[in-house]
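Down below is the structure, laid out as structure tokens.
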Amino acid sequence: MPSRIADIKAAHPDNLMARHFNNDYFQSLDPAKQKRLLKVFASGLENPDSQMGAYAMNPDDYDLFAVQLDPMIRDFHAIAAGTPIAQKHDWNTSALACDLSAIDPRLSDVSMRVRVGRNLSTFPLPGAMDKNQRIALENIVVMAFKTLLDDAEFGGRYLSITPGSPHEIDAAEYDQRVSAHQMFKDMSGDRYLNVAGISGDWPYGRGMYVSQREDFLVWVGEEDHLRIMAMQRGGNLNALFARLHGGLQRLQGVLPPFATSPVYGNVTSCPTNLGAGMRASLHMKLPQLTSGGQNLDGLKSEAKALGLAVRGAGGEHSAAGADGLVDISPSARLGVTEMEIMRRLYDGAAKLWEKEVAAGGGEHDDA
Ligand code: DAR
């Protein structure tokens, strides 16, 4: 195995698993722990083009294998070795007005989404669950959703894709919800998640809670046990974040404890999502900065300098729209608070928009 990892490291230097593989540490482990760590590495071993190249299988993997995983995590999250990782939480987003229309009235109808990943501490992480555990977790979460059904803000319905579930929807509704960018796509075609076991037993134990207003969603059984999200069109990031926090608190009160690490905060399958476990994003039309959507490289480097990541509006690994429509989001998840993430998104969007307008852009009526 060490020689295979050395080969991956030479051919794919950005694979953080290969870059930071510690063979002395690996050899010091007993065979059972070596086997368990190789399960964490499975996706990165089978997919050398991986970015992180690892998914945790159990919440305590992060603490059990800290010697190996910590350097990878610090590299991705740009936290220097030796710097204490003190994950704090600050949802006091009302302290800073972040309405995009204050940047420019043309940014008053922007598609925005913020989500957090959470995993129940009473189950293995998705990569190590069996079919019965996936169904059992879904049933526990459905009971929690029942406490929201009559709520004015969060009332809604649960849509399951588990065959035989009393909440099961048909293929037509599933496809419609995926097309509406609400439900997650069929995971069984994702080579990274397949090897990691995260897409195992598809579609059992999977589904989505959606509020009546369709502005609060909870994915069940995707890359994490739960992906809790708020979405809206508009400019008011404060309202978006406040709704997510309200829904998260409601669920936290009726679910088993979420998995956390004393060092890394909220525990997620992928180490790239640790900490706040939050991805906040908005869609912007930047045709000048993307050469009409044809080239994201220049924008990606501009955005990186602002602490932002850029991808197509169709999700991870998607291209920009012909009108230059892209998804921008703060890269940092670990060591930053929820409030800080909101501020970085707002400030970064303002700077990119300023560059777009200066380059002759500025059309944003129907993004
Ligand atoms: N296949 C993983 C993706 C890492 C980030 N994206 C996530 N977690 N959806 C890799 O290591 O490349």
Side-chain angles (χ1 to χ4, degrees), residues 52 62 70 73-103 107 110-119 216 224 226-232 234-249 252 258-268 270-284 299-311 326-355:
M52 177 58 75
Y62 288 110
D70 190 68
I73 291 165
R74 286 175 179 272
D75 189 339
F76 177 84
H77 292 280
I79 300 174
T83 307
I85 298 179
Q87 179 57 47
K88 292 184 172 56
H89 299 282
D90 177 4
W91 287 90
N92 181 27
T93 54
S94 59
L96 176 71
C98 288
D99 193 315
L100 299 169
S101 57
I103 299 169
L107 298 178
V110 172
S111 174
M112 311 185 289
R113 176 182 295 219
V114 59
R115 66 94 174 134
V116 289
R118 293 291 187 269
N119 292 281
F216 177 75
D224 291 301
L226 303 175
R227 289 286 176 91
I228 304 159
M229 60 189 83
M231 56 207 285
Q232 70 188 44
N236 188 339
L237 286 169
N238 300 82
L240 182 77
F241 274 68
R243 181 162 60 256
L244 173 61
H245 189 216
L248 175 64
Q249 287 183 306
Q252 207 156 355
F258 293 145
T260 58
S261 156
V263 176
Y264 302 117
N266 290 294
V267 163
T268 51
C270 186
T272 63
N273 282 310
L274 287 167
M278 174 179 275
R279 184 177 191 278
S281 64
L282 55 83
H283 291 176
M284 289 189 100
L299 175 60
K300 281 185 176 179
S301 57
E302 299 240 30
K304 189 170 183 179
L306 299 169
L308 299 173
V310 177
R311 64 190 191 191
V326 291
D327 172 297
I328 63 168
S329 67
S331 304
R333 307 262 200 284
L334 175 60
V336 286
T337 67
E338 295 76 10
M339 162 72 161
E340 181 61 17
I341 290 172
M342 180 182 76
R343 188 188 63 74
R344 289 185 188 190
L345 179 57
Y346 180 75
D347 289 351
K351 290 189 175 68
L352 290 180
W353 183 249
E354 185 183 338
K355 289 175 183 287

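For clarity, every value in this text was computed on a predicted model and none was experimentally measured.
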Can you see which heavy atom on E302 is nearest to which on L352, and at what distance? CB-CD2, 4.4 Å
So, do M229 and L240 sit near enough that their side-chain heavy atoms are less than 4.5 Å apart? no
Just so I know, are the side chains of Y346 and L96 near enough to count as touching, which here means a heavy-atom distance under 4.5 Å? no
Qualifying residues under side-chain hydrogen bond (donor to acceptor under 3.5 Å, both in side chains), relative to R311, sequence neighbours excluded: none
Looking at every non-hydrogen atom in both residues, tell me the closest pair between L100 and L107 and how far apart they are. CB-O, 3.4 Å
Worked check of side chain to side chain contact (heavy atoms under 4.5 Å, CB included) between H283 and D327: CA-CA 5 Å; H283 291 176; D327 172 297; 3.4 Å; yes
Just jot down the side-chain hydrogen bond (donor to acceptor under 3.5 Å, both in side chains) partners of K351, sequence neighbours excluded, or say none. none
How long is the span from the CZ atom in F76 to the CG atom in N273, to the nearest 0.5 Å? 7.5 Å
Does anything in residues 80-98 pair up under salt bridge (Lys or Arg N to Asp or Glu O under 4.0 Å), and if so which pairs, sequence neighbours excluded? none
Is there side-chain contact between W91 and M339, with at least one heavy-atom pair below 4.5 Å? no
Consider only side-chain N and O atoms of Y62 and D70, and report whether a donor and an acceptor are under 3.5 Å apart. no
Expected output: side-chain R74 to main-chain A80 donor-acceptor under 3.5 Å: yes
Should R115 and D224 count as an ion pair when the cut-off is N to O under 4.0 Å? no
Which pair of non-hydrogen atoms, one from V267 and one from S261, has the smallest distance, and what is that distance? CG2-N, 3.6 Å
Would you call P330 and L308 a side-chain contact if the rule is heavy atoms closer than 4.5 Å? yes
State which residues pass side-chain hydrogen bond (donor to acceptor under 3.5 Å, both in side chains) with N236; sequence neighbours excluded, sorted by chain then number. none
Residue list, ring pair (Phe, Tyr, Trp, His ring centres under 6.0 Å) with H77, at least two apart or on another chain: none
Between CG on residue L282 and CG on residue L345, distance to nearest 0.5 Å: 4.5 Å
Please tell me if the side chains of H245 and E338 come closer than 4.5 Å, counting only heavy atoms from C-beta onward. no
Can you find a pair of side-chain heavy atoms, one from M278 and one from V114, that are under 4.5 Å apart? yes
Below 4.5 Å, heavy atoms only, C-beta onward: do M112 and M231 meet side chain to side chain? no
Audit row: R243, Q232, side chain to side chain donor-acceptor pair (under 3.5 Å) steps and yes/no: CA-CA 10 Å; R243 181 162 60 256; Q232 70 188 44; 2.8 Å; yes
Looking at every heavy atom in both A349 and M284, which two are closest together, and how far apart are they? O-CE, 3.8 Å
Between A276 and V336, what is the shortest heavy-atom contact and its length? CB-O, 3.9 Å
What's the shortest heavy-atom distance between R118 and L248, and which atoms? NH2-CD2, 3.7 Å
Partner set under side-chain hydrogen bond (donor to acceptor under 3.5 Å, both in side chains) for T272, not counting sequence neighbours: none
Keeping Q87 on the side-chain end and Y264 on the backbone end, is there a donor-acceptor pair under 3.5 Å? no
Between CD on residue Q249 and CG on residue L244, distance to nearest 0.5 Å: 10.0 Å
Take atom CD in E354; do more than 12 heavy atoms of anything else shown fall under 6.0 Å from it? no
Are I73 and L334 packed together at the side-chain level, in the sense that at least one heavy-atom pair is separated by less than 4.5 angstrom? yes
Indicate yes or no for a side-chain donor-acceptor contact from R333 to the backbone of S331 under 3.5 Å, with no hydrogens or angles considered. yes
Between N238 and C98 (side chain of the first, backbone of the second, donor and acceptor by atom type, cut-off under 3.5 Å), is there such a pair? yes
Output the distance between atom CG (L237) and atom CZ (R343), rounded to the nearest 0.5 Å. 12.5 Å
What do the steps show when you test R279 against S281 for side chain to side chain donor-acceptor pair (under 3.5 Å), and what is the final call? CA-CA 6 Å; R279 184 177 191 278; S281 64; 3.2 Å; yes
